[in-house]
2 protein chains.
Amino acid sequence: MANNRDITIYDIANELNLSSSTVSRALKNHRSISKKTIKRVNEMADKMGYTPNELASSLRNNKTKTIGVLISRLNRPFVTSLISGIEETAQKAGYNVIIAQSHDSYNDEVTLAQALYNSRVSGIICSLAMETTKTNHFDQFIKKDIPLVFVDRVPKDFDTYRVMIDNYSAGYKATNHLIEMGAKRIAHIGGLKFRNIYKERERGYRDALKKHNLPIDEDLIQHVKSMSYDEGEKATNKLLDMDNPPDGIFTSNDTTGVAAIQVAKQRGLIIPDELKIIGFNNDPLSQIIDPGLSTISHPAYEMGKTSSKKILKHLKKSDKKSITEITFLNTEIIVRGSTKTN
Amino acid sequence: MANNRDITIYDIANELNLSSSTVSRALKNHRSISKKTIKRVNEMADKMGYTPNELASSLRNNKTKTIGVLISRLNRPFVTSLISGIEETAQKAGYNVIIAQSHDSYNDEVTLAQALYNSRVSGIICSLAMETTKTNHFDQFIKKDIPLVFVDRVPKDFDTYRVMIDNYSAGYKATNHLIEMGAKRIAHIGGLKFRNIYKERERGYRDALKKHNLPIDEDLIQHVKSMSYDEGEKATNKLLDMDNPPDGIFTSNDTTGVAAIQVAKQRGLIIPDELKIIGFNNDPLSQIIDPGLSTISHPAYEMGKTSSKKILKHLKKSDKKSITEITFLNTEIIVRGSTKTN
DNA sequence: TTGTAGGCGTTATCAA
DNA sequence: TTGATAACGCCTACAA
């Protein structure tokens, strides 16, 4: 049942009294091969059940049809949509996608980057682990001119492709919206500050307050480690326990935003009258919760598509030189019941 | 900057005046090599920045360290958890995971199965596309003794590993719970009947009704194509528009369950007093919606882990023979506000 | 239009 | 304990 050897181009060649090179060329419709031979070869290949060995081909050509994707973890809607976009675009171009989860651990990220390198991926797309501050483990890709795209959680200084949103202006927009809806004392729940995206969103938040001459109260700014639901609950409780609690909260993701809504509801606060909340990402949760969570749409799927395209385009080019290219995708504000009554 | 050739074992061998075979063995701590040589080789490898070429190794050994995963689409919580489980288990064993999305299209599934085969995956885990009824495209894996695991959406007749839940008993449990909570006229929103999991859940539903001497009204059974939110809304509206509407609904996933809740709320029905709803999957949505959606927990992550383990175990075995092994994982009923008042 | 020959990097077999 | 050699399956420069 098992281990019957694979059919190779040699087997086809033997059967047709041709050379393996002719068969190889025929299978790729090489123009130097007669139509008749091409037809014969293809028919025989079908008949014999030939399947090309991509491995051998990759080794010989020194390139694989594989893109490596290194992300924190799969179970977040943003990541899922991102990968969907990556995978669909890659698939259309005949590329496979290998997925590796760092679980937000720097050590795992280093190991996995190496594993992806060893399996000779043609390109790599990475959204950094929460913990990661050094990025030496990616240098090898640049050295070998393997296109590297950082997406969303990108390092600050690394000359390569980066696909991201303008987190500063998104943070500004979100905060500004709360102000426009009448909030005067606005809190912020964000991620660790060395992760640039969170820092930028916070910067936007601060600038929006300044712009409207609202004071910045450091006690109203909560940094949480993993932006989980539990952390969101805790942070919200802390905020609402204050003597002078906020009347608006901008959370840097929807999970904590939803947590904030739940906590506020449990405490009997009326949303949005007494407390306005805006999140970030436009996760499915945000429209299911009652009231709906206003949020910033994060074009995850588009970011995935764009990342794949950068890789594919780079692989087509012949002039090899190091590249720095930052692509910003647009965000939109999505207004729901958590900030505005119908 | 680019294209500096990779360091190979030959380069190391040259540098140390050894043969490539010695280096190869040293790098794998082969017992026939002296400790001293092993040390020298490893140090030199580090120094020169050697990275093994898995591609060459795979070709030579005729096996890859890669598991292929073929699923419908990534953006469903069930699938995400499934893959998380697969990937983590695989990663620990030094395996990569290649992901391919069929988008529930039979044709794509056939193409992708072939692509995975061509890239010589060591094993394949598949959850069938909604459309798929024939499974010939998987025969090649069996022929080559490449372990194949079907998970969740499994074919009825295919002698291989299958990892699934007992959908019949889960459907029975869910329906039974509605009855126990007092529902007398229970509807069902399920998927296409040729997809076995939906058929089985429906069978459980029917038998639970029978068991309690409740009549089965075919009008109360809705089959929808993709179990999407929109379809859930439509189906629910249809049911509630009946002259004699149901007082309970069992939906075969949470997305349609949540849709049912929303529709019922919009219509001013009181849940669970006037209408009890139970879903399937225990998606994050189900606990966020208000009232919480009672549901059947689907051990997705566990199913992923189990699937990976089946593959890894099979690869270790030496006695190659075709295998039929069905693993059932447990489901649990999770009771929330949509069926029971606190 | 087709064939010959060598090599991609690794590893297993056999010999030393 | 180490080395020489061939092979995994494919592709391409060169030759015919």
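All chains are named by letter (A, B, ...) in the order of the sequence lines, taking the proteins before the strands, and each is independently numbered beginning at 1.
- Under 4.0 angstrom from either OP1 or OP2 of D/dC10 there lies no side-chain N or O belonging to A/Ser57.
- As judged by a 4.0 angstrom heavy-atom cut-off over every strand, B/Asn17 is placed among residues touching the sugar-phosphate backbone only.
- Under 4.0 angstrom from either OP1 or OP2 of C/dT10 there lies no side-chain N or O belonging to B/Ser58.
- A donor and an acceptor atom, one from each side chain of B/His30 and B/Ser32, are located under 3.5 Å apart.
- Both A/Ser20 and B/Arg31 sit near DNA chain D, but only B/Arg31 has its closest nucleotide nearer the 5' end.
- Counting only heavy atoms from C-beta outward, the side chains of B/Ile142 and B/Leu148 approach each other to under 4.5 Å.
- Across all strands, B/Arg120 comes closer than 4.0 Å to no nucleic acid atom at all (heavy-atom distances).
- When heavy atoms are screened at a 4.0 angstrom cut-off, A/Leu55 is found touching no nucleic acid atom at all.
- The two residues B/Ala26 and B/Ile38 have their closest heavy-atom pair at O-CG2, 3.9 Å.
- You'll find that the side chain of A/Arg60 is closest to C/dG7, out of C/dG9, D/dT2, C/dG7.
- Both B/Leu59 and B/Val23 lie near DNA chain D, and the one whose nearest nucleotide falls closer to the 5' end is B/Val23.
- Contact check, B/Tyr10 against C/dG7: no side-chain N or O comes under 4.0 Å of OP1 or OP2.
- Rounded to whole Å, atom C1' of D/dA7 lies 12 Å from atom CG of B/Asn62.
- Residue-level contact check: B/Thr37 touches the backbone only, with heavy atoms under 4.0 Å from sugar-phosphate atoms and none from bases.
- An OP1 or OP2 oxygen of D/dT2 is reached within less than 4.0 angstrom by no side-chain nitrogen or oxygen of B/Thr22.
- Here the shortest heavy-atom pairing between A/Thr133 and A/Phe194 reads CG2-CD1, 3.6 Å.
- Counting distance only, with no hydrogens placed and no angle test, the side-chain atoms of B/Arg25 and the base atoms of D/dG3 include a donor-acceptor pair under 3.5 Å.
- A/Tyr106 is listed as a side-chain neighbour of A/His137, based on a closest heavy-atom distance under 4.5 Å.
- When the nucleotides C/dT10, C/dG3, D/dC10 are ranked by their closest atom to the side chain of A/Leu18, C/dG3 comes out on top.
- Here A/Ser21 lies in heavy-atom contact (under 4.0 Å) with a base.
- Here A/Ser32 lies in heavy-atom contact (under 4.0 Å) with a base.
- Residue-level contact check: B/Ser24 touches the bases, meaning some heavy atom is under 4.0 Å from a base atom.
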